[in-house]
Amino acid sequence: MRIDLEVSLDPTLGCGQAHRWHKLDDGSWEGVWRNQVVTMKQISPTSVEVIGTDDRKGITRYLGGDDDLETIISEISKRDEYVASLTDRCPGMRILRQDHWECLATYLLATNANVKRIGQMVESVCDHFGDDLGRRHGFPTPKQILDGCGCIAECRLGFRESRFITLAERVESGDIDVESFSEMNYEECVAALQDINGIGPKVADCVALFAFENMEAFPIDARISKVMEDIYGVTGSYKAVSAYGREKFGEYAGYAQEFLYHADFISRQARSRNPCHCSWQKCRRSA
DNA sequence: AGTAGACCTGG
DNA sequence: CAGGTCTAC
């Protein structure tokens with residue numbers, strides 16, 4: 001199935017928004033989306049070939065296809081010259097619309113772990129508890145996690161393990177209604193997310209942005225923290241730095257964050273002797 | 001209200 | 001030490 005959409009798969013799928021996409025040798029991306037093993041290949045800057053699902057509308061939406069890139073880029077560019085200079089270099093990068101539960105549970109695991117480790121933990125949890133889809137496993141439901149949690153130690157989640165189970169319990173019992181976060185505005189959403197044990201301001205911002213469409217969220221991870229200091233001279237508490245980002249970039253601050261993140265990723269990659277930081281990506285230069 | 005230290009594991 | 005958070009000052 002061919003999708004006509006301005007989207008660039010490498011930065012969109014490969015740089016840490018979602019953690020289940022692997023770049024294959026032929027340059028296509030394989031992942032699991034809604035319990036289907038899906039492969040996407042870039043055909044041109046404005047089209048991708050999708051195998052493994054017939055849900056054109058769904059996958060387009062997942063890819064952020066409802067976002068008007070022109071408007072968004074114009075909006076964040078007019079607010080900052082540096083971001084304006086980055087948007088040209090990375091056309092077609094989009095913010096995904098991830099599954100609510102999967103994104104929430106995944107980012108709960110993301111604390112104090114690098115991209116590679118997050119991917120390992122997520123894949124392990126899927127392999128242990130998710131539906132067998134052949135080449136890959138689906139992301140497990142809360143019930144699947146609870147039913148199988150006798151062997152969860154094998155997933156090696158470390159101190160995240162108990163938080164992960166507690167989250168599954170609270171969702172399964174109805175104590176947490178994941179869909180209720182969709183109805184909230186940004187402030188309400190991150191506040192409610194932070195009521196979950198193991199979720200602080202950074203993870204809440206990521207989930208608000210990548211799952212619940214709060215495009216003004218401006219997550220400050222270690223990389224963005226350095227960028228904010230180096231480029232803008234902004235330091236301080238999480239709250240202060242993220243508020244600066246939201247105020248500077250406005251309603252699409254999350255997109256600005258992704259451009260800043262990606263540009264820093266690429267420049268460090270270029271400067272590094274071992275060029276490939278992207279865990280799943282086969283890197284020609286290092287091979 | 002705002003900030004050190006500990007925290008599982010692995011590259 | 002790593003794409004933070006919790007707990008205890």
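Lettering of chains follows the sequences in order, A, B, ..., and the numbering in each one begins at 1. Both backbone and side-chain heavy atoms feed into the values below; hydrogens, waters and symmetry mates do not.
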* Answer with base, sugar-phosphate or nothing: what part of the nucleic acid does I196(A) contact at a heavy-atom distance below 4.0 Å? => sugar-phosphate
* Asked: Can you check whether F210(A) reaches Y107(A) side chain to side chain, under 4.5 Å on heavy atoms?
  -> yes
* Structure fact -> Contacts of R56(A) meeting salt bridge (charged side-chain N to carboxylate O under 4.0 Å, His left out) (sequence neighbours excluded), chain-then-number -> none
* Run the salt-bridge test on K57(A) and D66(A) with the 4.0 Å N-O cut-off and return the result as yes or no. => no
* Structure fact -> Atom OH of Y107(A) and atom P of dT5(C) are separated, to the nearest Å, by 12 Å
* Asked: L167(A) has an atom CG; how far is it from atom C1' of dG4(C), in whole Å?
  -> 16 Å
Exercise answer: donor-acceptor pairs, residues 227-243 of chain A side-chain atoms, under 3.5 Å, sequence neighbours excluded:
unit_1  : atom_1 : unit_2  : atom_2 : d
Y232(A) : OH     : D80(A)  : OD2    : 2.6
S237(A) : OG     : A240(A) : N      : 3.1
Y238(A) : OH     : P201(A) : O      : 3.4
Y238(A) : OH     : D205(A) : OD2    : 2.6
Y238(A) : OH     : I220(A) : N      : 3.2
S242(A) : OG     : Y238(A) : O      : 3.1
S242(A) : OG     : K239(A) : O      : 3.3
S242(A) : OG     : R246(A) : NH1    : 3.4

* To do: Could I get the full list of side-chain hydrogen bond (donor to acceptor under 3.5 Å, both in side chains) partners for S173(A), not counting sequence neighbours?
  => none
* Close approaches to DNA chain C from residues 200-214 of chain A, in residue order (heavy atom, under 4.0 Å) -> G200(A), P201(A), K202(A), V203(A)
* Considering only heavy atoms from C-beta outward, does the side chain of L86(A) approach that of L260(A) to under 4.5 Å? -> yes
* To do: For residues V48(A) and R2(A), determine if any side-chain heavy atom of one lies less than 4.5 Å from a side-chain heavy atom of the other.
  => no
* Euclidean distance, atom CG of residue L108(A) to atom P of dG4(C) [Å, nearest integer] -> 14 Å
* Can you tell if the side chain of C126(A) reaches within under 4.5 Å of the side chain of R136(A), non-hydrogen atoms only? -> no
* Basic-acidic side-chain contact under 4.0 Å: R61(A), E213(A) -> yes
* Considering only the P atoms, how many Å lie between dA8(C) and dC8(B), rounded to the nearest integer? -> 14 Å
* Structure fact -> Y238(A) atom OH is separated from dA1(B) atom C1', nearest whole Å, by 19 Å
* Grab the CD-C1' distance between Q194(A) and dG4(C) for me, whole Å please. => 11 Å
* What class does the angle between the rings of F265(A) and Y261(A) fall in, given that below 30° is parallel, 30 to 60° is tilted and above 60° is perpendicular? -> parallel
* Do the side chains of L63(A) and V32(A) join up, straight or via other hydrophobic residues, at under 4.5 Å, putting them in one cluster? -> no
* Asked: Is I199(A) touching bases, backbone alone, or none of the nucleic acid, heavy atoms closer than 4.0 Å?
  -> sugar-phosphate
* Between E258(A) and N197(A), name the one whose nearest nucleotide on DNA chain C is closer to the 5' end. => E258(A)
* Asked: When all nucleic acid strands are considered with a 4.0 Å heavy-atom cut-off, which category describes Y261(A): base, sugar-phosphate, or nothing?
  -> base
* To do: Would you classify G16(A) as touching base, sugar-phosphate or nothing, given that sugar-phosphate means primed atoms plus P, OP1 and OP2, and contacts are heavy atoms under 4.0 Å?
  => base
* Calculate the interatomic distance between I220(A) atom CD1 and dG4(C) atom C1'; express it in whole Å. => 13 Å
* For DNA chain B, what string of dots and brackets results from 5' to 3' when Watson-Crick and G-U pairs need both distances under 3.5 Å, crossing pairs get [ ], and pairs with another strand get |? -> .||||||.||.
* How close or far is atom P of dT5(C) from atom NZ of K239(A), stated in whole angstroms? -> 15 Å
* Walk me through it: do Y252(A) and Q257(A) pass the test side chain to side chain contact (heavy atoms under 4.5 Å, CB included)? => CA-CA 9 Å; Y252(A) 304 115; Q257(A) 194 265 16; over 6 Å; no
Which pairs, protein N/O on one side and nucleotides 7-11 of chain B N/O on the other, fall under 3.5 Å?
unit_1  : atom_1 : unit_2  : atom_2 : d
dC8(B)  : O4'    : F159(A) : N      : 3.1
dC8(B)  : O2     : R117(A) : NH1    : 3.2
dC8(B)  : O2     : R117(A) : NH2    : 3.4
dC8(B)  : O2     : R160(A) : NH1    : 2.8
dC8(B)  : N4     : N112(A) : ND2    : 3.0
dT9(B)  : O4'    : R117(A) : NH2    : 3.1
dT9(B)  : O2     : R117(A) : NH1    : 3.3
dG10(B) : OP1    : R156(A) : NE     : 2.7
dG10(B) : OP2    : R156(A) : NE     : 3.4
dG10(B) : OP2    : R156(A) : NH2    : 3.3
dG11(B) : OP1    : Q120(A) : NE2    : 2.9

